[in-house]
Amino acid sequence: MTAPETLVTPTATGRSRSLWARYSWIGWVVVLGLALLFPYVVDRPRFWLPNIGVRSLWLGIIAMSLVFLNRYVGLLSLAQVTIAGISAYGVGYVMVTLDQPFFIAIPVGITAGTVAGFLVALIAARTKAIYFLMITLALGQVFYSYASQAIEVTNARRGLAPIKKPDLEIINLNDITTFYFAALLAAVICFLLCRYVAASTFGMALQGIRDSPERMAALGYKVNRYRIAAITFSAFIASIGGVVLVFDRAQIDPDVVSLGSTLDVLVVAVIGGIGSLGGVFIGAIILTLLDNFAQDFTDRYMTLTGIVFILVLLFAPAGIAGIGAQVKRAFDRRRKNASDPGDDPQQEPTATQPTGEAITKGKQQ
Amino acid sequence: MMLNNWKGLVPTLAVGAVVVLGVTGCSTGGSGGDGGGDAGGDTIKIGVLATSEGNLAFGMGEAKAAIAVAMEAIGGTVDGGEIGGKSIEIIYAGTDGTSGSAQTQVKKLVENDDVDIVFGPVSGDEGEAVVQYALTVPEVTFVNGSASPVGMTLEGAENFFRFHGDSAMWMGGLGDYAYDEKGYKKIYSIAEDYSFPYDNAGGFFSEFCAAGGEVNGNSWVPVGTTDYATIIAQIPADTDAVYVGLGGADAASFLSQAVTNGVDLPLVGGSIAVDTTALSGDANIASAAVGTITGGPVPGAGYDNPEWQPFVDAYVTQPDAFPSPSIFSILYYNSFQSLVLGLQEVDGDLSDGHAGLRDALGSLDWNSPTGQISMDENRQAIVDNFLIEVLDEGGTLVQKNISEASGVTQGTTVYDRFEGCP
Amino acid sequence: MADPALVVRDVSKSFGGVKAIRDVSLEIAAGERISVIGTNGAGKSTLFNAIAGVFPPTTGSIHLFGEDVTRLPTATRAQRGLARTFQTSRLFEQLSAADNVFIALGGNEFRGGLLRPARSNPKRWERVERLLERVGLPGRGEQLVADLSHGEQRQLELAMALALQPKLLMLDEPAAGFSPAERGHLITLLRELPQEITLLLIEHDMDIALAVASRVVVMHDGEKILEGTPAEIRNSARVREIYLGGSIDHAA
Amino acid sequence: MDQFLLIALNGLTLAAVYFLVASGLTLIFGLMRVITMAHGTSYLLGGYIGYVIARETGNWLLGALGAAIAVGVLGLIIHQVLIRRFQDDDMRVALVTLGVSLIGTDLMLAVFGGTATQVAIPAAFQVGLPLPGLGSYPLIRLLILLVAVLVGVGLTLFINKTRYGSIVRAGVDDSQMTSATGVNVRVVFASIFFLGSALAGFAGVVGGTLFPLLPGQDGSYLLFSLVVVIVGGMGSVPGAAIGAALVGIVSQFALVYAPTYSLVLTFALMVVVLAIRPQGILGRRSAT
């Protein structure tokens with residue numbers, strides 16, 4: 001039962017790519033270029049860089065860790081902010097309470113966050129989807145109430161302050177432009193790291209687990225170990241976000257891990273596009289802009305956020321980042337209808353169909 | 001939910017970035033183009049931080065009422081006016097009472113709106129964050145709103161002024177009064193487990209214990225505890241009074257359950273246990289609250305300072321004002337009026353890094369609606385404090401002024417959670 | 001002689017008081033080709049799932065190549081050489097056909113190199129293409145699973161099971177939804193499987209079950225009622241009675 | 001020993017409120033396999049509505065009834081407008097209802113303000129009842145416990161004994177099978193959503209009688225009801241009762257013996273249960 005008439009190209013390199021996939025790096029270069037120019041085109045860098053720039057970057061990094069889990073493992077975690085907060089508390093504890101320099105504090109913070117993520121994974125990896133959501137939400141609140149009460153460790157509601165930005169002689173992160181670039185570097189590294197892991201054999205297996213854990217077990221995969229590893233990895237990313245956060249805020253207090261902060265990151269992820277690693281930064285920029293300027297024209301900022309949130313979920317479930325693809329699909333469909341009406345309707349892609357093809361192409365880069 | 005897209009991402013990211021840059025560009029003309037906020041200019045910009053969301057959402061209304069009272073007295077409005085030939089522009093930024101939101105908004109005021117003076121914030125969490133920020137922008141002058149953690153003026157921020165007492169000072173005089181006048185020897189303490197009640201209870205018990213009193217137990221309850229039945233059951237039988245270091249809903253919860261659980265001990269309230277905002281709710285707390293003594297910066301009924309009534313009269317004409325001024329409007333008023341006095345003294349001259357203004361503020365001494373306000377070397381006010389008893393006068397609760405402690409000064413202790421006497 | 005590929009001994013399984021299968025025993029020698037047939041609700045799938053390790057049996061034991069695997073998890077059984085297909089499609093729908101097989105290849109192999117980019121593994125992709133060819137999907141690797149026809153999805157299932165290089169291959173109604181031509185292909189493919197692969201086939205379709213198997217087991221109402229060569233089964237009055245009374249369209 | 005009993009009884013009466021909130025959540029989950037994150041919002045809104053009606057009419061019962069119906073209808077509208085179209089997508093339902101709760105929280109703050117209010121009850125209920133060995137115990141808490149027991153028994157009977165209930169139960173096992181039997185599943189779904197929301201609204205009035213109502217409690221009651229259903233087993237009414245009792249008792253004992261960490265301990269209970277029995281105490285292990 002062979003079909004000799006088709007010649008198969010055996011490797012990925014031979015696969016045809018869409019125009020987009022081939023030239024999308026140009027888009028990324030443009031985005032990165034704009035991000036690099038940002039400090040030099042804004043009129044008030046001292047406002048725009050910390051309030052919009054750096055804050056968007058760490059919100060984005062944390063949201064990206066959430067999106068990674070959702071997209072490649074199919075789990076929606078509401079504990080990512082908590083993990084970032086634990087990392088931030090780690091940094092704060094080492095620098096304020098133990099009075100140690102940042103180069104000890106940062107690894108301690110990231111380790112603390114990652115280990116916390118691993119523990120969350122141990123508890124929650126056996127559950128799926130909606131349970132996972134609830135359990136991570138509740139675990140986040142455990143830490144919030146702990147952070148609010150544990151005077152000896154977290155200094156309770158007062159929090160730990162001041163957490164000074166590192167001064168490396170050549171590179172002084174107290175300079176806000178320098179700090180912005182450092183945060184940008186962290187975001188780019190996290191993004192590339194997520195992309196790399198997603199495109200690895202491990203990432204491929206994660207997607208298999210997301211689509212059908214039963215089959216993955218039947219194929220000999222120890223599904224739980226993969227899930228735990230993925231959750232831990234995303235905790236690592238969130239922890240990096242936590243480090244940027246703590247140096248940006250110069251202090252750490254329970255507010256960072258409150259329900260409100262959790263919702264902020266969720267809003268960022270959903271508005272930006274919960275399936276898109278880069279889209280979170282759009283969501284983060286929108287949220288920070290709203291945060292800073294919405295009250296100039298409305299008192300009901302939360303209502304506005306909630307309405308945008310619901311509208312996105314209803315009409316653009318792939319978020320802002322997905323709107324382009326949504327429009328393109330609709331356009332393609334119309335063009336196809338126009339060019340060959342009535343031809344082979346069952347082959348026609350529908351708007352609701354997941355754009356898995358795009359995923360595959362994306363991974364080839 | 002699995003939603004995936006790659007194709008549209010890059011262009012939208014690019015579009016998003018362009019939009020952001022566009023917005024930034026636009027704002028050049030909008031907010032910063034006039035450069036009017038500079039010290040040498042003719043406009044003095046004051047940025048006001050107050051809570052407009054969350055449980056303290058009414059803070060903004062109270063702040064505006066207080067500022068309006070002060071500004072209208074010099075011919076201005078809630079949005080500004082003129083002092084010493086300089087025009088005053090007041091910009092408001094709402095927070096939700098959390099440190100994060102205060103950080104965001106104070107940075108926005110200073111860096112985007114380019115204010116010369118920051119006025120506020122409301123809550124203690126915010127206050128600690130704002131002081132930390134003040135240390136990083138020495139060119140801006142900060143006047144506190146109503147945030148009361150003890151530590152704020154001990155941080156050494158040369159540009160930070162507080163024209164009201166801290167939360168330990170709010171208990172000034174009450175410890176002696178409870179021991180000497182009321183004759184309480186053993187007090188059981190129920191207080192929320194965070195920094196404000198530590199300071200507040202610390203202020204009370206340090207005085208009470210020094211007078212010879214005894215603490216026969218502490219319950220530090222998490223903020224948001226609603227069910228006090230079990231806590232109430234812990235109170236030892238030989239207790240003379242119960243100290244209630246709770247605020248807002250927790251205080252209302254406690255008081256209503258004290259009724260149903262048949263507590264008939266006299267209460268000593270923390271500064272926010274029975275203030276106007278708690279009593280304006282409908283919680284059925286009357287019978288428990290009666291007889292409570294408390295201390296704080298808000299005078300009770302029968303206060304006879306001649307400055308007081310004119311302030312109240314001016315306050316109640318403001319839109320959305322409460323029947324009587326809350327703790328927030330009083331503190332915001334005293335603080336803002338202090339700022340106005342300071343600005344008047346230097347004719348709005350902010351040159352030389354606000355040196356003149358800061359000297360003026362640091363040596364201010366005036367008779368406020370709540371008594372004399374003068375300053376110590378930490379730029380912290382020395383104030384009068386009020387002792388109040390809740391009385392039932394014909395079915396309505398009245399907070400009666402029983403005594404004032406004048407010239408209360410700040411201590412140097414930042415209190416932590418303590419057992420027994422602090 | 002080596003251990004038998006599979007020994008099922010007195011296996012019962014209850015779901016909330018309902019006995020889905022009762023005291024089923026079965027022994028398959030290495031390299032044997034067995035079909036299990038029966039009507040809907042006969043307990044075929046329960047037996048299948050118990051062997052595959054989806055749930056532990058209520059009583060009884062299961063040995064795989066001499067090893068007691070009754071309590072071992074699915075993944076471990078797969079690593080011992082057991083591969084299965086699924087009755088309802090549980091493919092990785094958002095990935096391409098090739099990606100599906102690529103993942104299947106990784107279950108028992110490629111322990112290391114997990115963090116190498118999936119695309120930088122030409123050897124493995126070559127094997128993917130060979131497997132796709134073998135099941136009749138040459139050149140279809142780039143297709144999204146969602147775009148494959150039902151028949152093609154079943155072919156892909158088979159490719160994924162074969163990717164494990166199984167010693168015991170368990171197929172759950174592999175021909176469901178197939179056209180007659182595809183059935184023919186399937187029978188050829190199964191007959192051409194290397195002799196060392198033991199085959200356990202669960203099938204409604206008598207034609208395929210009898211064409212491929214060397215021995216046939218008949219289940220009814222959760223019990224094994226008959227076992228014999230295809231010819232014996234074809235001629236059994238009992239089987240004919242069950243099938244005519246049952247709900248099967250493809251009665252012999 | 002008296003002390004011990006008293007704390008346990010306090011825990012149980014607190015659990016009564018938790019149970020009333022969580023029962024609605026577990027019913028909705030049991031049938032539809034979705035979680036509505038706006039459940040805490042329903043609680044608080046119910047409390048406020050009950051407060052307003054009771055204040056205007058002076059009748060507590062009317063307030064409770066009105067709140068239950070109003071919140072139930074609102075839940076029904078939310079279900080029809082926002083949830084029905086993708087009720088198979090549990091994550092999206094969770095997120096959309098989270099959006100609803102963001103809006104609800106903000107609007108309630110705008111309307112009812114940030115100060116605490118409490119639903120009024122006749123002074124006759126504000127008394128202590130002498131209990132053997134315990135002295136005086138607040139009558140109101142015992143009444144609330146009684147209400148919760150009645151609601152719990154009523155729900156259990158409803159689900160186990162009525163035809164409608166059997167459809168709900170079948171839905172728990174297999175919603176596709178239910179639709180195959182020709183039952184109009186959409187009507188069943190909608191009515192369960194109404195019932196679940198109404199229970200939350202009713203719980204708001206009960207809770208708002210014992211404790212003050214104010215912003216922020218929507219979030220905490222959502223969390224507590226999530227913990228209760230996770231501990232008890234999702235979809236099970238008796239499970240919710242057990243979960244609520246455990247959460248209530250643990251939180252009260254923690255308040256005495258480890259007050260600083262009482263919230264942590266309450267949540268830690270959930271972690272322990274999950275580690276031992278991931279599906280909850282009375283939960284069924286799902287097929288996959």
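Each chain gets a letter, A, B and so on, in the order the sequences are listed, and its residues count up from 1. We use all heavy atoms of the structure for the numbers below, so side chains are in, but hydrogens, waters and symmetry mates are not.
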When you compare the side chain of N51(A) with that of Q105(B), does any pair of heavy atoms fall below 4.5 Å? no
Heavy-atom distance under 4.5 Å to chain A: side chain of Y198(B), backbone, both or neither? side chain
Please flag which part of D264(A) lies under 4.5 Å from any non-hydrogen atom of chain B: side chain, backbone, both or neither. neither
Least distance between heavy atoms, K107(B) atom then F47(A) atom: O-CD1, 4.1 Å
Mind ranking P45(A), P162(A), G159(A) by heavy-atom pairs under 4.5 Å with chain B and telling me who comes out on top? P162(A)
Donor-acceptor pair, distance only, cut-off 3.5 Å: does the side chain of R417(B) make one with the backbone of Q149(A)? yes
Which portion of V137(B) sits near chain A, non-hydrogen atoms under 4.5 angstrom: side chain
To the nearest 0.5 angstrom, please state how far the CG atom of D193(B) sits from the CD1 atom of I151(A). 6.0 Å
With salt bridge (Lys or Arg N to Asp or Glu O under 4.0 Å) as the test, would you mind laying out the steps for R44(A) and D113(B) before giving the verdict? CA-CA 10 Å; R44(A) 288 164 190 281; D113(B) 299 323; over 6 Å; no
D96(B) and M302(A): CA distance, side-chain angles, deciding distance, side-chain contact (heavy atoms from CB on, under 4.5 Å) verdict: CA-CA 11 Å; D96(B) 61 10; M302(A) 287 307 287; over 6 Å; no
Heavy-atom contact with chain A under 4.5 Å, split by part of D125(B): side chain
Engaged part of E128(B) at the chain A interface, taking heavy atoms whose separation is under 4.5 Å: both
Would you say the side-chain atoms of R249(A) and S99(B) include a donor-acceptor pair closer than 3.5 Å? yes
Side chain, backbone, both or neither of E155(B) within contact of chain A (heavy atoms, under 4.5 Å): neither
Please look at R55(A) and chain B and tell me whether the side chain, the backbone, both or neither of the residue comes under 4.5 angstrom of a heavy atom of that chain. side chain
What part of A93(B) gets within 4.5 angstrom of chain A, counting heavy atoms only: side chain, backbone, both, or neither? both
Okay, T136(B) and chain A: the region with an atom under 4.5 Å from a heavy atom over there is neither
Nearest 0.5 Å, what's the CG-CZ distance between N112(B) and F293(A)? 4.5 Å
Quick check: closest heavy atoms across N292(A) and K108(B), and the distance to 0.1 Å? O-CE, 2.8 Å
Is chain B contacted by the side chain of S148(A), its backbone, both, or neither, given a heavy-atom distance below 4.5 Å? backbone
Could you give the distance from OG (S195(B)) to CZ (R158(A)), rounded to the nearest 0.5 Å? 4.5 Å
Under the criterion salt bridge (Lys or Arg N to Asp or Glu O under 4.0 Å), I'd like the reasoning laid out for E139(B) against R46(A): C-alpha separation, chi angles, the key distance, then a yes or no. CA-CA 14 Å; E139(B) 70 277 14; R46(A) 284 182 57 201; 3.4 Å; yes
